[in-house]
A.B. asks: 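Quick one: this structure, given as structure tokens, is what I'll be asking you about.
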Amino acid sequence: MLVRTHTCGALRPSNVGETVTLNGWVNSYRDHGAGLIFIDLRDRYGLTQIVFDKEDASQDLLEAADKLRNEDIIAIRGKVRTRDGGPNPKLATGEIEIVGDELVVLTKAVDPPFMPGDTNNLPKEETRLKHRYMDLRRPRMQEILSTRHRVAKLTRDYFDAEGFLEVETPVLCRSTPEGARDFLVPSRVQPGSWYALPQSPQLFKQILMVAGCDRYLQIARCFRDEDPRADRQAEFTQIDLEMSFVDREVVLQTMEGFARSVWKELKGVEVGPFRRITYREAMDRYGIDRPDLRYGLELHDISDLAAKTDFKVFTGALEKRRGVVKVIRVPQGAEKLTRKITDGYTEFVKQFGAGGVPTTKYVGGKFEAGIGKFIEPITAELAERLGLEEGDQLLFGADSYATCTKALGELRQKIARDLELIDDSKLEFVWVLDFPMFEWDEGTKRFYALHHPFTAPREDEIERFMALEVGAQPTDEQVDALESIVSDGYDMVLNGNEIGGGSIRIHRRELQSKVFGLLGLTEDQARQKFSFLLDALNRGAPPHGGIAFGLDRLVMLLCDTNNIRDVIAFPKTQNGADLMTEAPNAVDDEQLNELYVQSTWTGDESET
RNA sequence: GGGGCGGUAGCUCAAUUGGUUAGAGUACCGGACUGUCGAUCCGGUGGUUGCGGGUUCGAGUCCCGUCCGCCUCGCCA
């Protein structure tokens, strides 16, 4: 083996005259005939031009160089010199070249399915996933792998300096049926019993606090057996943290410091102040719990004014429980938002359960077109409240609070994209605070924890919370009362992306029992599922809280991609398949027998 | 589970209203060429149009089914 002395990104004019050896992949070749051949050699670090010239090279060497093809791996030894043909400013090594003197072909590449060096034609993702080793050779993917590594390293360094201990928690866990669907693993030694893969290390990190760990960190793999999305994968990675003897403020400050250091270190950016907003305000003004604050287009509640009209869409919505009428004002939208576009918006909001988007334009002090004539009686009041200006367009939502908010929140983002109102250079960090503890689900007639059942109520809410009596079939008043209890949770949001979420946890047993009870767990059921936690809370549990960052999403933002598969070395498709290894796969009956497992799958879905 | 988009040469794509032998660029093979850097020029190989069925004189194109990939709703405490 002719071992490299430098990488393909290392050589500079200062190396001129040195005899060096490089190893790498043939990125491209330019063959000018028997007398002159150029090779661009690639490795993780860059590209270096090799030249074979009949002035300097033997006939044998030229013939060997002539046979080189894309993706062959070679070792090349030769002298560094400044380029005869002038520098190539596109390359870091563009001022120099290596005069090939000794060439060893380490591996011939047979029929590459695509060329990693071809930056113009990116193969379709299916092909990239099938031949992932080729895809990962691409400089862009190498850059992402490197960024991910640097985030992980910086995470360990930062939290190490803050006194955190990295502790590993189990991958084979007890199944707790709340939350997402579990991945299950059959036990061989305990026939009929199953492990679950962790949805997060939540309970273990709380137990570590009870165990006196004080500050815990883990870069933890998590598993949720739900359908993937562009930014979601069944198997993903969290930067998982927990701290003892803290209040919310300590956690927020510590995590802000982390985010600042990530953006400073990786992007060279000084992050400005973190804004703070309550969940209620976020939902009211932006229609979403992870608002993008880089642009306006806020939602305004005009239910009181809408009630003065005879417009059936408005008055009908207001008769619903929690019915509202809200509006988005698009400055100068009258011209930009054509009928065709607003018709598209009506279709767009239907997927979120809204009926449509009533619209009108503010022209000459009056409402023109659309539903203008219906809201004529409230023209002056609307104009004053919204600060209307000539040429504004109004887009309305009228429905239950939940549906209207969701639809207009999504619409707000779509308008911003359509009208290119988003400044990509901005970084708007915001903490979303004061989430409700619970949400009532009309379908299943029960409460669900908005975050998770171990989230503490805000300290000043505890007394009111403990005093609440809510039966199995709560009245509307009881639902309202419980939903108004605010938790001590927090989400870190950047430009409309939730990058981390956490809370101060419950550290008192009677509070935890109360929460379990409200979620429909009897004392017996709670003991059955969480006895270890309830016992731990009884045996000296410190006040504690923490957070988990989505590492994949963090890297996505830092690498400016909206495809989570780009930031995972070996990701899975929407069908949960790894196209390279062809997982998942069938296994031998012998394997199943050992596990006391039989498949009911017949190959015909109608029979299962 | 629902909705949408897509699958044509190794790769990226084209193919008129259903009509001749399914084309181009690139890669690959052969040839020419001494300063390229997306090298250039000439020639060539390469196709079960994802798969199965149907309509038709004739299907890449229309219909039905199915598989795969992507986006999305539901789902994701």
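Keep in mind that what you see is a predicted model, and the values were worked out from it rather than measured. Residue numbers begin at 1 in each chain, while the letters A, B, ... track the order of the sequences.
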A.B. asks: Quick check: any donor-acceptor pair below 3.5 Å linking the side-chain of R232(A) to the base of C76(B)?
C.D. replies: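 Indeed, a donor on one side and an acceptor on the other fall under 3.5 Å apart.
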A.B. asks: Establish, yes or no, whether the cationic atom of R446(A) lies under 6.0 Å from the six-membered ring centre of Y448(A) and within 45° of the ring axis.
C.D. replies: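 Yes.
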A.B. asks: Reckon P113(A) touches a base, only the sugar-phosphate, or nothing at all at heavy-atom distances under 4.0 Å?
C.D. replies: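 It contacts sugar-phosphate atoms only.
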A.B. asks: Taking atom types as they are modelled, would you say the side chain of E347(A) forms a donor-acceptor pair with the base of G4(B) within the 3.5 Å cutoff?
C.D. replies: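 There is none.
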A.B. asks: Kindly confirm whether the side-chain ring of F114(A) is stacked on the base of C11(B), judged by centres under 5.5 Å and planes under 30°.
C.D. replies: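 Stacking is absent between C11(B) and F114(A), given that the ring centres and planes do not meet under 5.5 Å and under 30°.
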A.B. asks: Assess whether one donor atom and one acceptor atom, taken from the side chain of R30(A) and the base of G38(B), lie less than 3.5 Å apart.
C.D. replies: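 When only heavy-atom distances are counted, R30(A) does not reach the base of G38(B) through any donor-acceptor pair under 3.5 Å.
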A.B. asks: Is the ring centre of H32(A) under 5.5 Å from the base ring centre of A39(B), and are the two planes under 30° apart, so that they stack?
C.D. replies: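 Stack criterion met.
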A.B. asks: Check every strand shown and say whether R138(A) touches a base, only sugar-phosphate, or nothing at a heavy-atom separation below 4.0 Å.
C.D. replies: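 The answer is nothing, as R138(A) stays clear of every strand by at least 4.0 Å.
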A.B. asks: Counting any heavy atom closer than 4.0 Å, what does L122(A) reach on the DNA or RNA strands: base, sugar-phosphate only, or nothing?
C.D. replies: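 Counting heavy atoms under 4.0 Å across all strands, the contact made by L122(A) is with sugar-phosphate only.
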A.B. asks: Tell which nucleotide pairs with C41(B), taking only Watson-Crick or G-U wobble pairs whose two distances are both under 3.5 angstrom.
C.D. replies: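 Pairing partner: G31(B).
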A.B. asks: At 4.0 Å (heavy atoms only), tell me whether D118(A) reaches a base, stays on the sugar-phosphate, or touches nothing.
C.D. replies: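 Result for D118(A) = nothing.
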A.B. asks: NA contact type, S200(A), heavy-atom cut-off 4.0 Å: base, sugar-phosphate, or nothing?
C.D. replies: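 Answer is base: heavy atoms of S200(A) come under 4.0 Å of a base.
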A.B. asks: In whole Å, what separates the P atom of C29(B) from that of C68(B)?
C.D. replies: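 Between the two P atoms, the distance is 35 Å.
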A.B. asks: Base, sugar-phosphate alone, or nothing: which one does G86(A) contact when heavy atoms must sit under 4.0 Å apart?
C.D. replies: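 The residue G86(A) makes base contact.
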A.B. asks: Check this for me, if you would: do K108(A) and D72(A) make a salt bridge, where the nitrogen-to-carboxylate-oxygen distance has to be below 4.0 angstrom?
C.D. replies: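 Yes, K108(A) and D72(A) are salt-bridged.
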A.B. asks: Is the backbone N or O of G179(A) less than 3.5 Å from a side-chain atom of Q199(A), with the two atoms forming a donor-acceptor pair by type?
C.D. replies: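 No, the answer is negative, given that no donor and acceptor are paired below the 3.5 Å cut-off.
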A.B. asks: Relative to the 5' end of RNA chain B, which residue comes earlier, R181(A) or D231(A), by the nucleotide with the nearest heavy atom?
C.D. replies: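 Going by which nucleotide is closer to the 5' end, it is D231(A).
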A.B. asks: Describe the nucleic acid contact of Q199(A) in one word from base, sugar-phosphate, nothing, applying a heavy-atom distance below 4.0 Å.
C.D. replies: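 The answer is nothing, as Q199(A) stays clear of every strand by at least 4.0 Å.
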A.B. asks: Taking the nucleotide of RNA chain B with the nearest heavy atom to each, does A230(A) or R224(A) sit closer to the 5' end?
C.D. replies: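 The 5'-side residue here is A230(A).
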A.B. asks: Kindly confirm or rule out a cation-pi arrangement of K414(A) over Y345(A), judged by NZ or CZ under 6.0 Å from the six-membered ring centre and within 45° of its axis?
C.D. replies: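 No, cation not above the ring by the 6.0 Å, 45° rule.
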A.B. asks: Given the structure, check if the side chain of N575(A) and the base of G69(B) hold any donor-acceptor pair shorter than 3.5 Å.
C.D. replies: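 There is none.
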A.B. asks: Could you work out the separation of U8(B) and G47(B) based on their C1' atoms and round it to a whole Å?
C.D. replies: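 Between the two C1' atoms, the distance is 8 Å.
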A.B. asks: With a 4.0 Å cut-off on heavy atoms, is L579(A) in touch with a base, just the backbone sugar-phosphate, or nothing at all?
C.D. replies: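 It contacts sugar-phosphate atoms only.
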